[in-house]
Amino acid sequence: DKPIVLTLQTGETDMAANDVMGAIRFQAPDEGTGTDAILVAAGIAAISEGDFAADNNATKLEFMTGASESATTQMTISSGGIVGIGAVPIGDLGTGLHIKTADSGASVNSEADELVIEHGNAIGGMTFLAATDGVSKIAFGDSGDNDIGMISYTHDGNHMLFNTNGSEIFRFDSSGNALF
């Protein structure tokens, strides 16, 4: 009940939008190879999301990493809890996790915005990987049943199953035949 607390305080008396309140930067300035090796390699910064007021101190955290450059923002956590990963602007869609490799120009449906995967290319997606004898699943649940609906792929049998109301409704076998 007596924790050690490290507090970074700014001397700023008028916090405006995008002001850096504080930052931690990681650097190896004495690295003998020079050039990129001596640049800031990583960092964490607290940045105001708007002008501070008696009723507002909205702040985001930016996490930065470098790869043959001075560290740039790769992930943010907004004051509202939105986590953004990827291209700039980071986390500009949805209310949960936004993974972005490029801006698509699209907007997100407010009823399906807890996880947004955005890319600006013609083809994009996500991958589930499992052992050759494993099963990959997407489950749909509620308070009465945590997998009342499900889409699953059985790797050792190479078939895809579709379940509704807790039971298998149909499957596609390894030849692509639909079995009801």
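Relative ring orientation between Phe162 and Phe170 is described as parallel, the plane-to-plane angle staying below 30° on a 0-90° scale split at 30° and 60°.
For Ser104 and Glu118, the side-chain atoms include at least one donor-acceptor pair closer than 3.5 Å. Side chain to side chain, Ser48 and Asp19 fail the donor-acceptor criterion of an N or O pair below 3.5 Å. A donor-acceptor contact closer than 3.5 angstrom links the side chains of Glu31 and Thr33.
Looking at every heavy atom in both residues, Asn146 comes nearest to Ala139 through O-CB, 4.1 Å. Here the closest non-hydrogen pair linking Gly157 and Ser174 is O-CB, 4.0 Å. The two atoms that bring Glu111 and Asn109 nearest to each other are N-OD1, 2.6 Å, heavy atoms only. Pairing each heavy atom of Ile82 with each of Leu93, the nearest pair is CG2-O, 4.4 Å.
In this structure, the side chain of Asp145 engages the main chain of Asp147 through a donor-acceptor pair within 3.5 Å. Of the possible polar contacts, none joining the His159 side chain to the Phe172 backbone as a donor-acceptor pair under 3.5 Å is found. Without hydrogens or angle criteria, Asn163 side chain to Gly166 main chain gives no donor-acceptor distance under 3.5 Å. Under the 3.5 Å distance criterion, the side-chain polar atoms of Gln27 are matched with a main-chain donor or acceptor of Ile38. Side chain of Asp173 to main chain of Ser175: a donor-acceptor pair is present (N/O by atom type, distance under 3.5 Å, no hydrogens or angles). A donor-acceptor pair under 3.5 Å links the side-chain atoms of Ser78 to the main chain of Gly80, judged by distance alone. Side chain of Thr59 to backbone of Asn57: a donor-acceptor contact under 3.5 angstrom is found. Side-chain N or O atoms of Asp156 include none that pairs as donor or acceptor with a backbone N or O of Thr132 at under 3.5 Å.
Under a hydrophobic clustering in which Ile, Leu, Val, Met, Phe, Trp and Tyr are joined whenever their side-chain heavy atoms come within less than 4.5 Å, directly or via other members, Ile99 and Phe128 fall into the same cluster. Linking Ile, Leu, Val, Met, Phe, Trp and Tyr residues whenever their side-chain heavy atoms come within less than 4.5 Å leaves Val40 and Val20 in two separate clusters. By the criterion of side-chain heavy atoms lying less than 4.5 angstrom apart, applied directly or through intervening Ile, Leu, Val, Met, Phe, Trp or Tyr residues, Tyr153 is grouped together with Met126 in one hydrophobic cluster. By the criterion of side-chain heavy atoms lying less than 4.5 angstrom apart, applied directly or through intervening Ile, Leu, Val, Met, Phe, Trp or Tyr residues, Phe180 is grouped together with Met160 in one hydrophobic cluster. When hydrophobic clusters are built by joining Ile, Leu, Val, Met, Phe, Trp and Tyr residues whose side-chain heavy atoms come closer than 4.5 Å, directly or via intermediates, Ile77 is not grouped with Ile47.
Between Phe140 and Thr164, every side-chain heavy-atom pair lies at or beyond the 4.5 Å cut-off. Between Leu97 and Glu114, every side-chain heavy-atom pair lies at or beyond the 4.5 Å cut-off. For the pair Met64/Thr72, no side-chain contact is recorded, criterion being any heavy-atom separation below 4.5 Å from C-beta on. Contact annotation: the side chain of Lys60 never approaches that of Ser79 to less than 4.5 Å [non-hydrogen atoms, C-beta and beyond]. When side chains are defined from C-beta on, Thr76 does not count as touching Val83, because their heavy atoms never get closer than 4.5 Å. Here the side chains of Met21 and Glu12 are not in contact, with every heavy-atom distance at 4.5 Å or above. Contact of the Asn165 side chain with the Ile148 side chain is registered, since non-hydrogen atoms from C-beta on lie closer than 4.5 Å. Inter-residue side-chain proximity for Ser136 and His155 is flagged as met; some heavy-atom pair is nearer than 4.5 Å.
The CG atom of Asp14 sits 7.0 Å away from the CG atom of Asp51 when rounded to the nearest 0.5 Å. To the nearest 0.5 Å, the span separating CD1 on Ile85 from OG1 on Thr73 amounts to 13.0 Å. To the nearest 0.5 angstrom, Met15 atom CE is 6.0 Å from Thr10 atom OG1. In this structure, CD1 in Ile169 is found 13.5 Å from CG in Leu179, a value given to the nearest 0.5 Å.
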